[in-house]
Amino acid sequence: MTTRMNSFTNRWSKLGGAGCLCVFALFWSGMTLGFDVLIAQNAFRQIQALGHSKVMGSVTHSEVETVFDDEGPTYRPKIRYKYLVGGKEYLGDRYRYDRWSSGGDWAHRIVAANPVGSQVEVYHAPADPSDAVLAVGVDGMDLYLAMFVLPFNVVMLGFWFAIGQAVRHRLFPPVAGGAKVLDDGRYVRVRLSLWSPLFSGVAVAGGLAFAGAFVIGFAFGGGPPLLIMLVAWAVILGGGASASLFCRRRLIGGHSDLVIDCFGRAIVLPRTLARQVDLVIPVEKIMAIELESVEKRRAKGCTSRTYVPTVVFTDNDGLQRREGIVEWPFEARAEGLVAWLR
């Protein structure tokens, strides 16, 4: 009876954890995709405005508007202007299609460049002359916002990838826990790394974007010049590509491969879990392959578990030893690897 209750409790705990993760992933995705759509719509309208008709107008009002929110004041340019189309006078108050506010430097630069009475180029939609803006095309602000939201998108994709992998592995258990197995007839190599080149590149790009958003935000108040943002995006994409290539080279080099020597009847544990050298274990000395659970305490008292497939064997002195093969955060994958090795 006790065994059945424990089994039921464990299953319910796993189901509850997966359910909480799905709910949080849905919440995170909704917020992130909402910002994505808003940023993309504004950028699209700015690019579309490049095809608008252009007339000359004059500025009638120009000031920096202060916007207050929970994080303190931010600023945006408030500019009004008048222009003629087909002999009819129109009034406009839109500098860009978006209404973003940021640090004061950006807003003050725009207001200083458009004083009252100055002549400005006004871009209006050919079918609706009242639909007008002063600035067209993307600028540093558009690229900064895309950089700001990139880490949130990376986390969102990570959530759904983890959920998808967990569901797939539960429904269709893969060989060796999903690790790639390469067999050349003499050696069987098991790729233990969970980090694919694509995943590594995306993660590094997201990390660089996260750091860059703070650096550029403090340096330029959220409204950086276009050239600065082009350089920043070159660093982000270049860093992601370099990380992807580095990971791919390590995978090809077999640095994290568990090797089974079929002729020599031995397994070779790679330099994982702080091992400094590869560890060769003859098959006849292996006593068991077990799965160990490791509890780790995080910040604010939170705990998490990782799973370590472990080889139990006797060393040259006849003493029993235990050596972990790899540490994975997914129990189902670790169980699959242990079952395959057995």
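What you see below is based on every heavy atom in this structure, not just the backbone, and it leaves out hydrogens, waters and symmetry mates. Along the sequence shown, the residues carry numbers beginning at 1.
The hydrophobic cluster around V259 extends to Y187, V268, V280, counting ILVMFWY residues whose side-chain heavy atoms fall within less than 4.5 Å of a member. The other members of the hydrophobic cluster of V308, by chain and number, are L273, V294 (side-chain heavy atoms under 4.5 Å, ILVMFWY only). In the hydrophobic clustering (ILVMFWY side chains linked at under 4.5 Å, chained through shared members), L182 stands by itself. Other residues sharing the hydrophobic cluster of V312, ordered by chain and number and joined by side-chain separations under 4.5 Å: M287.
Side chains of W160 and S29: a donor-acceptor N/O pair is present below 3.5 angstrom, by distance only. Using modelled atom types, one finds no donor on one side chain facing an acceptor on the other under 3.5 Å when comparing T310 with E290.
Looking at W28, its side chain does come within 3.5 Å of a backbone N or O of F152 through a donor-acceptor pair.
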Please report, to 0.1 Å, the donor-acceptor pairs under 3.5 Å made by any side chain of residues 198-217, with sequence neighbours excluded.
unit_1, atom_1, unit_2, atom_2, d
S200, OG, S196, O, 3.0

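Screening residues 185-203 for salt bridge (charged side-chain N to carboxylate O under 4.0 Å, His left out) gives R186-D261, R189-D257, R191-D257 as the qualifying pairs, with residues at least two apart or on separate chains. Applying the salt bridge (charged side-chain N to carboxylate O under 4.0 Å, His left out) test to residues at least two apart or on different chains, the pairs with a partner in residues 137-165 are R96-D139, R96-D142. Residue pairs satisfying the salt bridge (charged side-chain N to carboxylate O under 4.0 Å, His left out) criterion with at least one member in residues 57-68, sequence neighbours excluded, are listed as follows: E65-R76. Judged as a salt bridge (charged side-chain N to carboxylate O under 4.0 Å, His left out), the pairs with a partner in residues 275-284 (not counting sequence neighbours) are, in order, R271-D278, R275-E323.
Applying the side-chain contact (heavy atoms from CB on, under 4.5 Å) rule to Y97 yields the partners R45, Q46, A49, H52, R94, D131, V133; only residues at least two apart in sequence or on another chain are considered. Annotation: side-chain contact (heavy atoms from CB on, under 4.5 Å) contacts of L38 (sequence neighbours excluded): N42, W100. For K82, the side-chain contact (heavy atoms from CB on, under 4.5 Å) partners two or more places apart in sequence, or in a different chain, are S58, T60, E89, L91.
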